[in-house]
Structure formats: structure tokens, C-alpha cells
Amino acid sequence: MAVKLVFCCRRRPELSLEEFHQSWLNDHGPLVRKCREHLPQMKRYVQSHLIEGPASDGFRASRGSGEPYDGITEVWFDSLEAIGAGSSAEAIAAGKQLLADEQRILDLPNCSVFLTVEHEIF
């Protein structure tokens, strides 16, 4: 059963949305790609960046929802067991490097991260 990590991201308050998206895409994204060498259990990594404006505002208003996240990261794994497979010294170092970079751009206490399993409807 494939498992997906979902990370709902909020940027650090001193970053504009544009600064956050640029750094997330152009700095953090390549770092994830580089670290994957030591974290091969990550099968797919996708960033979804917030689109601001009337369309997003309309969806939120029609549902009475709160402020949007600045983006969402999704990471796919083959199984729940595969997530813990990265226990080598290199994998641990790569994980620490990713966390340090996340701390640079993310307001981690106001983010949300959890594991999911997909159920395709169509």
C-alpha cells in the first residue's frame, strides 16, 4: 500500500509569499533532489504553491474556511515500512539537512504534516 506524506506549509513571517515560493522551489527543491540519493525510499516529491486571488477567495468563502496554507508538499513512499528504511548515517545526515532548510523558510509550529493513503475516486 503506497503512503503519502502531506506537509501543509506556512512561510516564516519575514518572508513574502513570492520570496517563500522562490526559495522553496529554487533552493529547497534541488536540495530534496540531492538528498534523495541517501533517501531512496522517497519515490515522488511534489510542491503545490498557493494561488492567491478571487478564485481562491471564493472557494474559501463558500466553505467558510480559514486562511490558506502557502503551499503543500507531497512525498510518496512504497509503504509505511519504507519510510523508516533510511537509517544509515548518510540518510540521517540528509534528513537533518532537509530539516535545517525547512526551518530557514517555514514557520514550522504553524505548519501541519501527516501521513495518508490515497483512495482514487476518478
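Position 1 is the first residue of the sequence, and the numbers go up from there.
Connection of L115 to V113 is established within a shared hydrophobic cluster, with ILVMFWY side chains joined at heavy-atom distances below 4.5 Å, either directly or through further cluster members. Hydrophobic clustering (side-chain heavy atoms under 4.5 Å, transitive across Ile, Leu, Val, Met, Phe, Trp, Tyr) groups L31 together with L5. Hydrophobic clustering (side-chain heavy atoms under 4.5 Å, transitive across Ile, Leu, Val, Met, Phe, Trp, Tyr) groups M42 together with L80. Connection of W76 to I83 is not established within any shared hydrophobic cluster, with ILVMFWY side chains joined at heavy-atom distances below 4.5 Å, either directly or through further cluster members. Linking Ile, Leu, Val, Met, Phe, Trp and Tyr residues whenever their side-chain heavy atoms come within less than 4.5 Å leaves L25 and Y69 in two separate clusters.
In this structure, NZ in K4 is found 9.0 Å from CZ in F114, a value given to the nearest 0.5 Å. The structure places CZ of R10 at 12.5 Å from CG of L108, a figure rounded to the nearest 0.5 Å. Taken from CZ in R104 to CZ in R12, the straight-line distance is 10.0 Å, to the nearest 0.5 Å. Taking CG of D107 as the start and CZ of R11 as the end, the distance is 10.0 Å to the nearest 0.5 Å.
In plain terms, the two heavy atoms of C111 and C9 that are nearest each other are SG-CA, 3.9 Å. Nearest heavy atom pair, residue L39 against residue G95, reads CD1-N, 4.4 Å. Nearest heavy atom pair, residue I105 against residue H28, reads CD1-CB, 4.2 Å. In terms of heavy-atom proximity, G66 sits nearest to R60 at O-CD, 3.0 Å.
Few gaps surround NZ on K43; more than 12 heavy atoms of other groups in view lie less than 6.0 Å from it. Atom CD of E52 sits in a sparse spot, with 12 or fewer heavy atoms from other residues, nucleotides or ligands closer than 6.0 Å.
Using cut-offs of 30° and 60° on the angle between ring planes, the pair H49 and W24 is parallel.
Looking at E102, E74, Q47 one by one, the single match for side-chain contact (heavy atoms from CB on, under 4.5 Å) with F7 turns out to be E102.
Formation of a donor-acceptor pair under 3.5 Å by the S56 side chain with backbone atoms of G53 is not found in this model. Distance alone, capped at 3.5 Å, places no donor-acceptor pair between the Q97 side chain and the C35 backbone.
Between D70 and L15 the shortest side-chain heavy-atom distance does not fall below 4.5 Å.
Under the side chain to side chain contact (heavy atoms under 4.5 Å, CB included) criterion, E18 pairs with S16, Q22, sequence neighbours left out.
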